[in-house]
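Have a look at the structure below, then the notes.
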There are 2 protein chains.
Amino acid sequence: MARKRFDDSSCSVARALNEVGDWWSLLVVLHAMYGTRRFVDFQQELGIARNILCDRLARLVDNQVLKKVDVGEHGSRFEYRLTEKGRDLFPIVIALRQWGDKWNPAPDQEPLDLRDRLTGRTIRPMEVQDADGKPLTVRDVFVPEGDAADELKPRKAKRQPADKP
Amino acid sequence: MARKRFDDSSCSVARALNEVGDWWSLLVVLHAMYGTRRFVDFQQELGIARNILCDRLARLVDNQVLKKVDVGEHGSRFEYRLTEKGRDLFPIVIALRQWGDKWNPAPDQEPLDLRDRLTGRTIRPMEVQDADGKPLTVRDVFVPEGDAADELKPRKAKRQPADKP
DNA sequence: TAATCTGGTTTCTTCAAGCAACCTTATTAA
DNA sequence: TTAATAAGGTTGCTTGAAGAAACCAGATTA
């Protein structure tokens, strides 16, 4: 049956995945970040089926991650370019890349070395930080009581230690 | 036909998406980060079909994102817990959450307010930074020449300005 | 002894991914 | 002037995965 959608989910992660959480969308965005703009180039670089690419590009345009620009030059007609919303996926893509490099390194290949164009410095590993820049792990964060956090009550009552008196 | 897999891709983003790039896996990991550990709890919280949850949990265990622990207490038998590799997905999940909150805010709901457990401070927006902590956008980074970047030659020769003399 | 809980597996249906062929418009080559 | 090629799709077909619901087995509790 059709995939379940999360458009109206109260969870922003689910809503984000709704737009870029399929197998291809983030790879399309990634290549757009590398400079790819044309249908055929996406198709060749990604090895994606043409109808699926059509569908993904249209969906990304619908969701305003990409915009479709008519460039009427020598036989080519359209370009797909990142919007600000699309460019804003940069931290996600970088975090994914770093995770992949760390935990599934390619057997005989150096990880891709991204650097600051101006200074030539490598980028640092993505980390979650508090307001001061102090790194935080998943164990360091919590959701204030009374917040709209019904979706993630840490533990059901029936699962409390009191379960077995 | 079956989904294309990227196990052996030279792109670490593709390899990462291979493990957590489907509709459900990251949501399972997200709820694991919130403290969910049991099959039935994942199932109820996510509203996922049981066979699909089985499949995803098994795949995540295979990929060492989760580990399956036998806890033989009162009828319950197993728990699924994050490994270090799984906990390392934290920046990705947070980046997704922030992107979703920023670009697809829920109509009548405040974004989830995650805070540092110790200081009570909110976490800061994820950003890509250079070695000094300077924020970088997608336009600020490049891949050094000669690097293993065959996959992302910025532009095909045929697409250069020289195209039309 | 039966009901319940947990963690599944099985069956069936529907939909989407992938492949390949085809199509339309515009440009270039012969 | 016609033919070939390129860009950007669309259509039809096949297969596999997602979803729903039923079923099941071992252990616990009532």
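Chain A is the first sequence line, chain B the second, and so forth, proteins listed ahead of strands; every chain is numbered from 1. The structure presented is a predicted model; accordingly, all values stated were derived computationally and were not measured.
- Counting to the nearest Å, the P atom of C:dC19 and the CG atom of A:D55 are 15 Å from each other.
- For C:dG18, the OP1/OP2 oxygens have no side-chain nitrogen or oxygen of A:W23 closer than 4.0 Å.
- With the nearest nucleotide of DNA chain D identified for both B:G47 and A:L57, A:L57 has the one nearer the 5' end.
- Across all strands shown, A:N51 has heavy atoms under 4.0 Å from base atoms, whether or not it also approaches the sugar-phosphate.
- For A:A49, the side-chain atoms get nearest to C:dC19 when compared with the rest of D:dG19, C:dC19, D:dG8.
- Across the protein-nucleic acid pair, A:I48 atom CD1 and C:dC19 atom P stand 10 Å apart, rounded to whole Å.
- In the set C:dT6, D:dG19, C:dA17, C:dT6 carries the atom at the smallest distance from any side-chain atom of B:V40.
- Residue B:Y80 places at least one side-chain N or O under 4.0 Å from the OP1 or OP2 atom of C:dG8.
- OP1 or OP2 of C:dG7 lies within a sub-4.0 Å distance of a side-chain N or O belonging to B:R38.
- Computed from coordinates, the B:Q44 CD to C:dC5 C1' distance equals 11 Å when rounded to whole Å.
- For B:D41 and B:T36, the side-chain atoms include no donor-acceptor pair closer than 3.5 Å.
- Taking the six-membered ring for Trp and the full ring otherwise, the centers of B:F6 and A:W24 sit less than 6.0 Å from each other.
- Distance B:L66 CG to C:dG7 P: 14 Å, rounded to the nearest Å.
- Atom NZ of A:K68 is separated from atom C1' of D:dG9 by 8 Å (rounded to the nearest Å).
- Across all strands, B:R56 comes closer than 4.0 Å only to sugar-phosphate atoms, never to a base (heavy-atom distances).
- Atom CG in A:D22 sits roughly 18 Å away from atom P in C:dC15 (whole-Å rounding).
- To the nearest 0.5 Å, atom NZ of residue A:K67 and atom CD of residue A:E84 are 10.0 Å apart.
- Contact record, B:D101 with B:L112: OD2-N, 4.2 Å, taken as the closest heavy-atom pair.
- Nucleic acid contact for B:R50: base, since at least one base atom lies under 4.0 Å from a heavy atom of the residue.
- Close to D:dA20, at under 4.0 Å from its OP1 or OP2, lies a side-chain N or O of A:K4.
- Protein atom CZ of A:R5 is 11 Å distant from nucleotide atom C1' of C:dA16, rounded to whole Å.
- Looking at every heavy atom in both residues, A:R117 comes nearest to B:V141 through NH2-O, 3.0 Å.
- Rounded to whole angstrom, the span from the CZ atom of A:F78 across to the P atom of C:dA26 amounts to 11 Å.
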